[in-house]
Colleague: 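My questions all concern the structure below.
We're numbering straight along the sequence, starting at 1. Predicted model, so just to flag it, every value in this text is computed and none were measured. When a ligand or atom number is given, it counts from 1 through the structure's own listing order.
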Amino acid sequence: MPVRTKICGVTTNAAMDAAIAGGAAWIGFVFCAPSPRNIDSQAAAALIARAPNHVGKVGVFVDAEDGAIAAAVAAGLTAIQLHGKESPEQAASLGRRYGIEVWKAAPVRTRDDLALVTRYRGAADRILYDAKAPADAVIPGGQGLRFDWRLLEGFDHPLPWLLSGGLDAGNLREAIGITGAPAVDVSSGVESAPGIKDVDKIAAFLKAAAQ
Ligand SMILES: O=C(O)c1ccccc1NCC(=O)[C@H](O)[C@H](O)COP(=O)(O)O
């Protein structure tokens with residue numbers, strides 16, 4: 001069954017166009033200085049202008065200041081993805097302020113980590129399950145790390161959700177088969193090096209998702 005896809009960490013016209021041509025439902029832009037995929041609002045606005053309305057534009061933030069989020073939303077975002085320690089109250093407040101979807105990333109290593117997500121019911125619009133980064137990691141996402149997908153088997157999801165963390169064209173169908181993911185997110189798995197998107201890998205990932 002086809003799943004919806006998000007290609008995250010796009011910084012170039014070529015990657016943007018490949019994601020759109022391949023049928024991505026969402027394209028992600030990372031507003032986080034230490035990331036190799038960091039982008040500023042002006043550059044994001046230029047990329048967003050290339051995308052049709054039906055493609056969602058998701059800004060990724062890590063405990064960001066209000067001003068940074070406001071500038072990025074003004075560039076044309078349709079969703080805010082919170083990838084830090086943002087509380088349910090902060091998520092709800094951002095949704096009210098900007099009137100766009102708010103997604104919360106849930107870092108997963110063990111089954112106990114899943115307990116976090118129920119707190120965001122009524123506060124966020126979607127949950128993005130991602131592998132928990134090592135404690136000394138500089139960035140909390142985009143690391144190409146997987147978690148044990150079997151943790152999601154039979155889990156009662158409180159919100160619409162995406163699976164992410166270490167996905168690529170080769171493991172995507174297995175991941176979907178185990179988790180039943182209705183939507184998936186990828187960054188490293190469609191890159192040739194950290195922050196360098198590969199248009200052929202984007203096309204292969206989106207093709208695998210459409211099977
Ligand atoms: O991608 C980044 O550089 C990043 C930096 C800081 C916070 C979040 C980040 N990425 C968020 C994403 O949605 C990634 O697509 C997700 O973590 C999966 O990444 P990967 O395992 O590399 O496919």
Colleague: One thing to verify: whether D113 and K132 come together as a salt bridge, which I'm taking to mean a side-chain N less than 4.0 angstrom from a carboxylate O.
Modeller: yes
Colleague: Please compare P140, P36, G189 and report which has the shortest non-hydrogen distance to atom 6 (C) of ligand 1.
Modeller: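 It is P140 that holds the nearest heavy atom.
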Colleague: Using heavy atoms and a 4.0 Å limit, tell me yes or no: is E191 in contact with ligand 1?
Modeller: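 Per 4.0 Å heavy-atom rule, E191 does not contact ligand 1.
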Colleague: Can you tell me if T179 uses its side chain to pair, donor with acceptor, with the backbone of A175 under 3.5 Å?
Modeller: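 Yes, because the side chain of T179 sits within donor-acceptor range (under 3.5 Å) of the backbone of A175.
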Colleague: Heavy-atom distances under 4.0 Å are what count here, so tell me which part of S188 touches ligand 1: side chain, backbone, both or neither.
Modeller: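 It is both parts that get close, each with some atom under 4.0 Å.
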Colleague: Quick check on contacts: which atoms of ligand 1 are under 4.0 angstrom from a heavy atom of V186?
Modeller: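 It comes down to these atoms of ligand 1: 15 (O), 23 (O).
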Colleague: Return the residue, atom name and 0.1 Å-rounded distance of the protein heavy atom closest to atom 17 (O) of ligand 1.
Modeller: D130 OD2, 2.5 Å
Colleague: When you compare ligand 1 with C32, is there at least one nitrogen or oxygen pair between them that comes in under 3.5 angstrom?
Modeller: no
Colleague: As a quick check of understanding, evaluate ring-ring contact (aromatic ring centres under 6.0 Å, His included) for W103 and W161, giving each step before the final call.
Modeller: CA-CA 9 Å; W103 303 9; W161 60 282; over 10 Å; no
Colleague: Which residue supplies the protein heavy atom nearest to atom 21 (O) of ligand 1, what is that atom called, and how far is it?
Modeller: G166 N, 2.9 Å
Colleague: Kindly determine whether K197 and S192 satisfy side-chain hydrogen bond (donor to acceptor under 3.5 Å, both in side chains), including the steps that lead there.
Modeller: CA-CA 6 Å; K197 289 286 181 289; S192 55; over 6 Å; no
Colleague: Return the residue, atom name and 0.1 Å-rounded distance of the protein heavy atom closest to atom 11 (C) of ligand 1.
Modeller: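 Its nearest protein heavy-atom neighbour is H83 CE1, 3.5 Å.
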Colleague: Any idea which part of K6 is under 4.0 Å from ligand 1, heavy-atom wise: side chain, backbone, both or neither?
Modeller: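 Side chain only; the backbone of K6 stays clear of ligand 1.
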Colleague: Can you tell me the protein heavy atom closest to atom 1 (O) of ligand 1 and the distance?
Modeller: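 That would be R37 NH1, 3.1 Å.
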Colleague: Compile the donor-acceptor pairs under 3.5 Å between side chains in residues 70-84 and protein atoms, sequence neighbours left out, one pair per line.
Modeller:
{"residue": "T78", "atom": "OG1", "partner": "K57", "partner atom": "N", "Å": "2.8"}
{"residue": "T78", "atom": "OG1", "partner": "K57", "partner atom": "O", "Å": "3.3"}
{"residue": "Q81", "atom": "OE1", "partner": "K6", "partner atom": "NZ", "Å": "2.7"}
{"residue": "Q81", "atom": "NE2", "partner": "H83", "partner atom": "ND1", "Å": "2.9"}
{"residue": "H83", "atom": "NE2", "partner": "D130", "partner atom": "OD2", "Å": "3.1"}

Colleague: Identify the protein heavy atom lying closest to atom 15 (O) of ligand 1, giving its residue, its atom name and the separation to 0.1 Å.
Modeller: D185 OD1, 2.5 Å
Colleague: Using a 4.0 Å cutoff against the non-hydrogen atoms of V62, which atoms of ligand 1 qualify?
Modeller: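 With V62 as reference, the close atoms of ligand 1 come out as 6 (C), 7 (C).
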Colleague: Please identify each residue that fulfils ring pair (Phe, Tyr, Trp, His ring centres under 6.0 Å) with F31, with sequence neighbours left out.
Modeller: F61
Colleague: For atom 20 (P) of ligand 1, state which one of A133, S35, G9, G144 supplies the nearest heavy atom.
Modeller: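 Selected option, by shortest heavy-atom distance: G144.
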Colleague: Return the closest protein heavy atom for atom 23 (O) of ligand 1 as residue, atom name and distance.
Modeller: S187 N, 2.9 Å
Colleague: Please verify whether a non-hydrogen atom of Q81 lies at under 4.0 Å from ligand 1.
Modeller: yes
Colleague: For N171 and D168, indicate whether the former's side chain and the latter's backbone hold a donor-acceptor pair under 3.5 Å.
Modeller: yes
Colleague: Show the numbers, then the answer: is there a salt bridge (Lys or Arg N to Asp or Glu O under 4.0 Å) between E191 and K201?
Modeller: CA-CA 7 Å; E191 292 181 342; K201 290 185 179 184; over 6 Å; no
Colleague: Just which atoms of ligand 1 are under 4.0 Å from any heavy atom in G142?
Modeller: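 Reading through ligand 1 atom by atom, the close ones are 1 (O), 2 (C), 9 (C), 10 (N), 14 (C), 16 (C), 17 (O), 19 (O), 20 (P), 22 (O).
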Colleague: Have a look at G141, P34, C8 and point out the one with the heavy atom closest to atom 12 (C) of ligand 1.
Modeller: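 Comparing heavy atoms across G141, P34, C8, the nearest one to atom 12 (C) of ligand 1 lies in C8.
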Colleague: Among V60, V58, L47, which one satisfies side chain to side chain contact (heavy atoms under 4.5 Å, CB included) with F29?
Modeller: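 Among V60, V58, L47, the one meeting side chain to side chain contact (heavy atoms under 4.5 Å, CB included) with F29 is L47.
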Colleague: Main chain of S164, side chain of D185: is a donor-acceptor contact present, judged purely on distance under 3.5 Å?
Modeller: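 Checked: no pair found.
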Colleague: Does CD belonging to E153 count more than 12 external heavy atoms closer than 6.0 Å?
Modeller: yes
